[in-house]
Visitor: 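First the structure, then my questions, so here it is.
Hydrogens, waters and symmetry mates are skipped; everything else that's a heavy atom, side chains included, is used. By convention in this document, chain letters (A, B, ...) are assigned in the order of the sequence lines, proteins followed by strands, and residues within each chain are numbered from 1.
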Amino acid sequence: MTPADLRLDEAAVRLGVVVEAPQHSGLLGVLDYLSATPLPPGTLVRVPLGRRVVTGVVWAVLPPSGEVPVRATEDLKAVIEVLDGLPALPSAWRQLVAFAAAYYQRGLGEMALMVLPPELRQLDAVQLQRRLKRLDKALATAPVAAPVATVAATAAGDSTGAPLPELSAQQALALSALAAGGARPFLLWGSTGSGKTEVYLRRAQEALDAGQQVLMMVPEINLTPQLEARVAERFAGRRIVSLHSGLTPAQRLRNWVMALQGHADLVLGTRLSVFTPLPRLGLIVVDEEHDPSYKQQDGARYSARDLAVYRAHLEKVPVMLGSATPSLESWHNALPVAEGGSGRYLRLDMPERIGGGDMPRVRLLDQNHVLKATMGQEPPPLSRPLLDAIAQRVERGEQSLVLLNRRGYAPVLHCSDCGWKSGCPHCSAWRVFHKADRTLRCHHCGFSERVPRACPDCGNQDIQPVGRGTERLEEQLAAALPGARVGRIDADVTKLKGALEAQLASVHAGEVDVLVGTQMVAKGHDFRRITLVAAVNPDAALFASDFRAAERQFALLLQAAGRAGRDADVAGHSEMWVQTWHATHPLYQALQRYDFASFATRQLQERQMAGLPPYASLAMLRAEGKTQEAAQGFLEAAASAVQDLVAQTPEAAGLMLYPAVPTPVQRVANVERAQLMIECGQRAVLQRFLSEAQAVWLAQAQQHRRSGLIRWAVDVDPLAI
DNA sequence: AGCACGCCGACT
DNA sequence: GTCGGCGTGCTC
């Protein structure tokens, strides 16, 4: 025994500490440690775990009475050091983490540590102390006054900077509804350009003036530099920090610490920012709440939008979800009970564009007609009428945006002699032909090779690209529109740091006439001079097996339409072209009328009949294995192991397990994947079932590891099925 | 997850 | 004779 241990024996306290440990480690809940002094819950500590030292969070000072201690006191290890100098993580933060861990079926420690800045988990007490000292010094010399002083200055009526833009009637109405308050979350339903941001900013201003902190969430921060700039400009006297995965580890720690210390007034962040500890939180905003980016797609698959609503409820602060095309879940929540909704949210409508600029006229270009007109000839890359319309824009010095949601030159290469296709050796997917760097690339595992000059199977020199991606579209447009300057923005162009900014700047400067891009251009960017937006191949979503495909596509097309004609002087003749084989499809018909409400109503009816969200809750049990049999074998065993539990749930709850099936892309990087859908009419019943099943599955997984199971996980409220 | 221990092949 | 492959097992 060391002297330290001896001292601990005198008056040691038992602490519950959570550490980073995934479920299959078997270390689920709270671990017990000894401490010389009782530490408040939320304190960060370094504790021994096996042979290493890890960072943990104190969860409870004493284990709940009545619980049988897992270990005798003499077998417990002692806390090594306390990461003091930081305030303890607030109780609201711990409650949010505990809720998220329970709801998304993850370990408490895993969830807690995962949402801390990665850097913080690495540092020991001395290193953290150094960082904090440096931060203190930076704060003392920063141009922004300490928060208390800033609040005082503002309260004293010190108004500086540009005058605020005048509010439209509908903005004023929305703001007064917000002011009237109530405990319900708000759904701000406003078309693109209706001034949702101004409503956020005004409401945020009120919170800031009241000395509160604001959490403003956006789907992807690099897609919304304009919002960031606007927030910074509006709140020039305040301390604004951003939180997203693009920051360096040191920046992320720094901004997070400022939030926790209460020095940051406004946090602008992506989904991970929903967990930022904010001691004086006064408002949460979730912009573009329908965006799928809010759902974490690996590890703990949480929905930051849903957690934001829960957090607002927990901390009794208002939450505002904003979108032109709300998720059907939110839409349903914002429909009054009398109209078949849940009535949980209050909807604020802002249907009109500021400045009177109309949304572009939607033209559905029926490909069946075009085909007839070109019968017998090689069909042009784009329909003639669309090409002509773009050419007209070029002539007038206006810009066009052509959307195609597929990167690369062609999705697959094909040998017409022997039938060879450019499959990926590691995945059940085609390798995409990228002409720019002459490679065949797998978009799933990243496997890349120089494109072969001849067919690798039969030596045929004549291998052909099949289908079309943005690279090829760019090439075809350049050929079809001589003299036009054609540019492209997609993930390939953007890979280089600063390339996106550079390309956007050249579009804004009018150096590009026709911009080709994937969905990333449809999001967030304001293009003042674009008068034509075209969706070239939008039909796939109409027949996708994923029940959310239509919802996503409608949102994307509407958002894309919003890129056109944002200046009133060009809005009058702006157009959105949709090149389709199914012009009479209800989705396009609703789009043409900009009638989201009727689209949503129709979709909700279909969901209700099919027993899908928001009328039922889903969870997906996913498995990865060395073979498809291993993955499916586990899922089947898992399903039969919980038959009793299923039988115990009330019949009326409609709990149902579907058969195990391969995932849409069955094999990725030589790992086979399968999934099993679980459906339930009542969310609470599904929750109870999942947490009980989890324990059964843990044991089941252990047995299946030998037969080739690699990983498994539950995805609660899956986005894609 | 880490990080150990543990038992079988090609190297100084 | 060792270095090292990754299978199995444990961490309050």
Visitor: Could you pull out the protein-nucleic contacts involving nucleotides 3-7 of chain C (nitrogen or oxygen on both sides, under 3.5 Å)?
Guide:
none

Visitor: For Ser327(A), check side chain to side chain donor-acceptor pair (under 3.5 Å) against everything at least two apart and list the hits.
Guide: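 So Ser327(A) forms a side chain to side chain donor-acceptor pair (under 3.5 Å) with Glu289(A), Arg305(A), Ser330(A).
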Visitor: Could you pull out the protein-nucleic contacts involving nucleotides 9-12 of chain C (nitrogen or oxygen on both sides, under 3.5 Å)?
Guide:
from: dT11(C); atom 1: O3'; to: Gly50(A); atom 2: N; distance (Å): 2.7
from: dT11(C); atom 1: O4; to: Ser25(A); atom 2: O; distance (Å): 2.7
from: dC12(C); atom 1: OP1; to: Pro48(A); atom 2: O; distance (Å): 2.9
from: dC12(C); atom 1: OP2; to: Lys77(A); atom 2: NZ; distance (Å): 2.5
from: dC12(C); atom 1: O3'; to: Asp32(A); atom 2: O; distance (Å): 2.5
from: dC12(C); atom 1: O3'; to: Lys77(A); atom 2: N; distance (Å): 3.3
from: dC12(C); atom 1: O2; to: Asp32(A); atom 2: N; distance (Å): 2.9

Visitor: Return the set of residues passing side chain to side chain donor-acceptor pair (under 3.5 Å) with Arg254(A) (not counting sequence neighbours), or none when no residue passes.
Guide: none
Visitor: List in chain and number order the residues that pass side chain to side chain donor-acceptor pair (under 3.5 Å) with Ser707(A), two or more places apart in sequence or in another chain; answer none if no residue qualifies.
Guide: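 Partners of Ser707(A) by the side chain to side chain donor-acceptor pair (under 3.5 Å) criterion come out as none, since no residue qualifies.
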Visitor: Please report, to 0.1 Å, the donor-acceptor pairs under 3.5 Å made by any side chain of residues 688-698 of chain A, with sequence neighbours excluded.
Guide:
from: Ser691(A); atom 1: OG; to: Gln687(A); atom 2: O; distance (Å): 3.1
from: Ser691(A); atom 1: OG; to: Arg688(A); atom 2: O; distance (Å): 3.2
from: Trp697(A); atom 1: NE1; to: Ala638(A); atom 2: O; distance (Å): 3.0

Visitor: Please list, chain by chain and in numerical order, all residues satisfying salt bridge (Lys or Arg N to Asp or Glu O under 4.0 Å) with Asp644(A), sequence neighbours excluded.
Guide: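 If we apply the salt bridge (Lys or Arg N to Asp or Glu O under 4.0 Å) test to Asp644(A), skipping adjacent residues, there are no hits.
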Visitor: Please list, chain by chain and in numerical order, all residues satisfying side chain to side chain donor-acceptor pair (under 3.5 Å) with Arg106(A), sequence neighbours excluded.
Guide: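 Arg106(A): side chain to side chain donor-acceptor pair (under 3.5 Å) contacts with Glu110(A).
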Visitor: Kindly write out the residues that satisfy side chain to side chain contact (heavy atoms under 4.5 Å, CB included) with Pro411(A), not counting sequence neighbours, or none if the list is empty.
Guide: Arg406(A)
